[in-house]
Number of protein chains: 2
Amino acid sequence: MICKLTKKRQRILSIINGSSVPLSAGDVHALLKKAVNLATIYRGLHYLELQHRIEGFTILCTREGAVRYYFKKENPHLHFIHCEVCHTFSPFRGCLREKLMNKIASELDYSIHSHVLYLTGVCGSCKRSN
Amino acid sequence: MICKLTKKRQRILSIINGSSVPLSAGDVHALLKKAVNLATIYRGLHYLELQHRIEGFTILCTREGAVRYYFKKENPHLHFIHCEVCHTFSPFRGCLREKLMNKIASELDYSIHSHVLYLTGVCGSCKRSN
DNA sequence: GTCAATTTGCAAATCATTCGCAAATTAATA
DNA sequence: TATTAATTTGCGAATGATTTGCAAATTGAC
Ligand SMILES: [Mn+2]
Ligand SMILES: [Mn+2]
Ligand SMILES: [Zn+2]
Ligand SMILES: [Zn+2]
């Protein structure tokens, strides 16, 4: 019956849209003060990503392990650098999609669906406070 | 006592060096016909990556979930595109590290430790056999 | 309101990865 | 070669993010 963007999914979407940093399912759960079940949040994030309402990427981090993060859509879209010390994300622009598409088109017979790009390092604040 | 590159770790390393595609811990385990314990393979891959003898990346795939893959070192180093249909990897050259370093240096106060880049899509063979 | 389709909460399952610990291996030394 | 301390290994159990089964609640069309 075409329910689609339910109230709970709207709450999840506005948490993501209201955040300046990528959030995990657990982050959203905490920000919603556990008003929405964690499994529902996982399903909602999947749904929103499938609908292209949000973007997601999985990052491997020493503290959190492999976790998927979600972020609002921006134009042009963003990628992130993750600080290995304080575990925060900083966005940067300059997507490589065009260059990659051209490269692949000329070198490989693939149609590209997505590209994943992120950096890890140490932020300025952590560098100095060491 | 400086044991370091033990026989088991050498076997793991030669599996990785002998493969033209990235391998997971489970792949290495199967290729070694379970002659080496799976936990030892995880520990060995960590060790080899820490020693910069191999490279690794974690990818999220519909069939396998979030899994870490390891690949031999190449110069210039490679990135991969993953087919969402047949779940194979194809390498491509053209790393963006230099451009990314420059961009970050001018825009953000970070020191970069690693960059993760991979693409997903559908390979030529799967496109045609649909 | 009725009703079938969809979504949700809850608990249990999944699955790659990690961890604790005792036994085995290693390499330096006598 | 025997001794020995450090390191590695195997095994099973634990971890933790994510997924799933199912019954109850919600949704939207009629
Ligand atoms: Mn982190
Ligand atoms: Mn795959
Ligand atoms: Zn930091
Ligand atoms: Zn394919």
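These values consider heavy atoms only, across backbone and side chains, with no hydrogens, waters or symmetry-generated copies. Chain A is the first sequence line, chain B the second, and so forth, proteins listed ahead of strands; every chain is numbered from 1.
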**Q** Relative to the ring of B/Tyr69, is the ring of B/Phe57 parallel (under 30°), tilted (30 to 60°) or perpendicular (over 60°)?
**A** parallel
**Q** Round to the nearest Å and state the distance from B/Glu64 atom CD to D/dT19 atom C1'.
**A** 15 Å
**Q** Rounded to the nearest angstrom, tell me the gap between atom CG in B/Asn37 and atom P in C/dT18.
**A** 14 Å
**Q** Ignoring hydrogens and angles, state whether a donor on the side chain of B/Glu64 or B/His87 is under 3.5 Å from an acceptor on the partner side chain.
**A** no
**Q** With sugar-phosphate meaning primed atoms plus P, OP1 and OP2, does A/Arg43 contact a base, only sugar-phosphate, or nothing at under 4.0 Å between heavy atoms?
**A** base
**Q** So, does B/Tyr42 get its side chain near the phosphate of C/dT18, meaning an N or O under 4.0 Å from OP1 or OP2?
**A** no
**Q** Send over the distance from A/Leu13 CG to C/dT7 P, rounded to a whole Å.
**A** 15 Å
**Q** Atom CZ of B/Arg9 and atom P of C/dT26: how far apart are they, to the nearest Å?
**A** 12 Å
**Q** Starting from P on D/dA6, measure out to NZ on B/Lys4 and report it in whole angstrom.
**A** 15 Å
**Q** Output yes when at least one side-chain N/O atom of A/His46 is less than 4.0 Å from OP1 or OP2 of D/dT18, else no.
**A** no
**Q** Measure NZ/A/Lys8 against C1'/C/dC10 and give the value in whole Å, please.
**A** 12 Å
**Q** Please determine, for the side chain of B/Leu38, which listed nucleotide (C/dG9, C/dT17, C/dT8) has the closest atom?
**A** C/dT17
**Q** Does the side chain of B/Asn17 come under 3.5 Å of the side chain of B/Ser14 through a donor N or O and an acceptor N or O?
**A** no
**Q** If only side-chain N and O atoms of B/Thr6 are considered, is one of them under 4.0 Å from the OP1 or OP2 phosphate oxygen of D/dT8?
**A** no
**Q** What do the steps show when you test B/Arg43 against B/Thr40 for side-chain contact (heavy atoms from CB on, under 4.5 Å), and what is the final call?
**A** CA-CA 5 Å; B/Arg43 287 186 281 226; B/Thr40 301; 4.3 Å; yes
**Q** Map A/Lys7 and B/Ala39 onto DNA chain D by nearest heavy atom, then report which one ends up closer to the 5' terminus.
**A** B/Ala39
**Q** To the nearest Å, give me how far apart CD1 (B/Ile41) and P (D/dG10) are.
**A** 8 Å
**Q** Is any side-chain heavy atom of A/Cys86 less than 4.5 Å from a side-chain heavy atom of A/Ser125?
**A** no
**Q** How many Å lie between CG on A/Leu5 and C1' on C/dT6, as a whole number?
**A** 14 Å
